2 protein chains.
Amino acid sequence: MPETTPELIAAVGDRLTPTDRRIAEAVLSEPTLLAFGTVSDLADHVGTSRPSIMRFANKLGFGGYSDLQSHVRRGLSQRLSRPSDRIRDHGGVGSNVQVALEGAIGGVVEAAGGERLGVLAEPLVSAQDIWIVSGETSQAGAHALASGLTMVRPGVHFVEEHSMGRDLGSAGSEDAAVVFDFFRYRRHSVRTARTLARLGVSIVAITDGPLSPLASLTDRWCALTVPAIGPFDSSVPAVAMAELLVAEVARQLHDEATERIDRTEDLWAATGTYLV
Amino acid sequence: MPETTPELIAAVGDRLTPTDRRIAEAVLSEPTLLAFGTVSDLADHVGTSRPSIMRFANKLGFGGYSDLQSHVRRGLSQRLSRPSDRIRDHGGVGSNVQVALEGAIGGVVEAAGGERLGVLAEPLVSAQDIWIVSGETSQAGAHALASGLTMVRPGVHFVEEHSMGRDLGSAGSEDAAVVFDFFRYRRHSVRTARTLARLGVSIVAITDGPLSPLASLTDRWCALTVPAIGPFDSSVPAVAMAELLVAEVARQLHDEATERIDRTEDLWAATGTYLV
DNA sequence: AACTACCTGTAACTAGATGTACACCGGAAC
DNA sequence: GTTCCGGTGTACATCTAGTTACAGGTAGTT
């Protein structure tokens with residue numbers, strides 16, 4: 001039994017009338033026509049009548065146009081499902097920690113793909129000061145970001161819950177903030193993010209999906225999938241994303257960043273911080 | 001102007017009613033529902049009525065469901081017509097990073113494999129107090145361990161460099177210490193670890209190989225491979241190992257840990273720490 | 001305790017979809 | 001020349017889609 005559209009057409013290719021053939025060419029060159037279009041759309045596009053489309057569907061072995069369309073859509077659904085989902089489908093879900101973590105890493109890379117990483121990092125390059133806010137399962141990510149960013153640029157501040165008021169006194173529209181938080185969003189981090197947004201600070205949100213309260217604050221957000229390790233949520237994705245952000249900022253600030261790193265290295269050497 | 005479905009939803013995420021939210025979750029987890037499905041399909045799938053779907057579409061800024069569906073279909077058509085772009089996306093940004101991180105995860109799982117995780121975690125189960133020490137690239141791991149262990153047992157202390165003397169005053173042979181450090185071992189962490197070892201504290205070392213100065217202090221050590229992300233070393237392996245340790249301790253302390261977690265949850269609920 | 005505002009679902013309407021019956025047209029065979 | 005037949009378009013019936021109007025219920029407020 002043939003599956004894809006070209007296979008279906010090829011199977012009856014020798015029994016097609018001229019009009020059938022024009023229809024076939026159209027659906028082959030524009031796959032979405034069959035998936036999305038109505039009988040009328042197709043007929044207009046090909047320059048024929050609706051019943052011809054019907055007969056075409058019948059000739060391919062379907063009871064009607066609806067059946068043909070359903071078949072095509074099922075095929076597309078598989079292609080459209082995201083790679084990470086496919087991994088999840090194949091591997092056992094939570095049983096294997098390695099599969100879960102590698103899936104999460106894949107999700108991070110996907111979320112940072114294309115131009116996305118640059119978009120997320122942009123405010124961190126140009127901002128005067130940077131404020132970092134985090135919830136519970138994301139603290140490790142926030143720490144990694146704070147420590148990494150401090151290595152490549154000045155003005156990085158970690159906003160502690162107890163000293164929030166004092167810390168944010170000087171925040172303004174020249175600044176940027178990175179907010180980490182995931183499901184069971186911590187009230188404090190969301191409130192802080194809202195406050196910062198109201199002050200005109202550019203918000204970069206690392207969170208778990210578009211339904212997150214953080215995602216509605218800014219266009220610069222990304223969604224990570226958070227696997228569970230034992231009873232707790234993993235902070236591995238948050239940390240990985242933080243490190244990607246640091247790497248991107250370092251890349252863009254290249255000269256300034258290397259100078260700053262060198263200075264830090266000199267300081268470490270002078271104070272004998274490291275053994276080697 | 002937002003383009004993709006998640007972006008559309010995020011833009012109005014804070015103005016969604018409970019039913020809207022269920023709809024959003026459905027269309028996010030099953031992207032083809034919006035592209036292919038009818039209003040009735042969606043309503044049935046979510047367990048709501050057709051008008052609610054309509055209001056959802058309106059809230060997203062469309063005149064009706066048809067407009068929303070057209071928008072989604074346009075987006076999908078682009079993805080379908082240019083598969084080469086998607087390949088480039090996955091290859092360009094992070095295939096190297098992805099391979100490196102997944103390799104590191106594999107190393108962590110291997111290092112914790114067999115009985116090894118139990119051996120490493122054993123002192124953390126029975127110790128009276130736990131001291132956590134870390135170097136530079138491992139701080140995120142140390143933080144993750146400290147925060148996770150605190151959730152499942154008492155007496156967990158993060159040893160800060162500046163307050164080391166005071167912190168360690170009460171350390172003794174009933175205690176355990178987890179030391180994170182990797183190449184270019186930080187003088188402070190190594191010295192602290194030696195001091196603790198001399199006090200009779202059981203040392204658990206998370207480091208990078210048998211040649212590490214930490215590995216010579218104890219039999220309970222494990223070696224992780226640390227990949228580079230941009231100019232810096234990744235703390236992802238350290239974080240992953242920390243989380244495995246927490247999970248193992250939680251498993252062994254099952255009753256005590258659940259009780260403690262419950263108490264913490266109650267406290268969070270009472271103080272309204274979380275949004276949900 | 002009453003009120004208000006806002007979700008939410010039921011029911012009705014309209015438009016456009018699919019599918020079918022039928023008529024037309026061209027060419028080939030008797 | 002007439003007849004048959006596959007291919008095609010027209011017209012119609014039916015059904016389901018999207019949409020809108022309205023009423024019931026609920027939560028929060030005064």
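Values below: every heavy atom of this structure, side chains too, minus hydrogens, waters and symmetry copies. Quick caveat, the model's predicted, so the values are computed rather than measured.
Under 4.0 angstrom from either OP1 or OP2 of C:dA17 there lies no side-chain N or O belonging to A:Ser66. Residue B:Ser52 places at least one side-chain N or O under 4.0 Å from the OP1 or OP2 atom of C:dG9. For C:dG9, the OP1/OP2 oxygens have a side-chain nitrogen or oxygen of B:Thr48 closer than 4.0 Å. For A:Thr17, a side-chain nitrogen or oxygen approaches OP1 or OP2 of D:dT8 to under 4.0 Å. Neither OP1 nor OP2 of C:dT10 sits under 4.0 Å from any side-chain N or O of B:Ser49.
Residues B:Pro18 and A:Asp41 both approach DNA chain C. Their nearest nucleotides, taken by heavy-atom distance, put B:Pro18 toward the 5′ side.
One N or O on the side chain of A:Asp208 and one on the backbone of A:Phe183 form a donor-acceptor pair closer than 3.5 Å. A donor-acceptor contact shorter than 3.5 Å links the side chain of A:Arg73 to the backbone of A:Ala35. Looking at A:Asp129, its side chain never comes within 3.5 Å of a backbone N or O of A:Asp175 through a donor-acceptor pair.
In this structure, CD1 of B:Ile53 is placed 19 Å from P of D:dT16, rounded to the nearest angstrom. Taking atom CZ of B:Phe56 as the reference point, atom C1' of D:dG18 lies 17 Å away to the nearest angstrom. Atom CG in B:Asn58 sits about 14 Å away from atom P in C:dT8, given to the nearest Å. Taking atom CZ of residue A:Arg50 and atom C1' of nucleotide D:dG9, one finds them 10 Å apart after rounding to whole Å. Between the P atom of C:dT8 and the CG atom of B:Leu16 lies a distance of 10 Å, rounded to the nearest Å. Atom CD of A:Gln69 and atom C1' of C:dT18 are 11 Å apart (whole Å). Between the CD1 atom of B:Ile23 and the P atom of C:dC7 there is a distance of 13 Å, rounded to whole Å. Spacing between atom CE of A:Met54 and atom P of C:dC22 amounts to 17 Å, rounded to whole angstrom units.
Residues A:Thr192 and A:His188 bring a donor and an acceptor atom of their side chains to less than 3.5 Å of each other. In summary, the side chains of B:Asp20 and B:Thr17 do present a donor paired with an acceptor at a separation below 3.5 Å, with no hydrogens or angles considered.
For A:Tyr65, counting side-chain heavy atoms from C-beta on, the closest listed nucleotide (D:dG18, C:dG19, C:dC7) is C:dG19. The side chain of A:Pro51 has C:dA21 as its nearest neighbour among D:dG18, C:dA21, C:dA17.
Side-chain N/O atoms of A:Arg55 and base N/O atoms of D:dG6 include no donor-acceptor pair closer than 3.5 Å.
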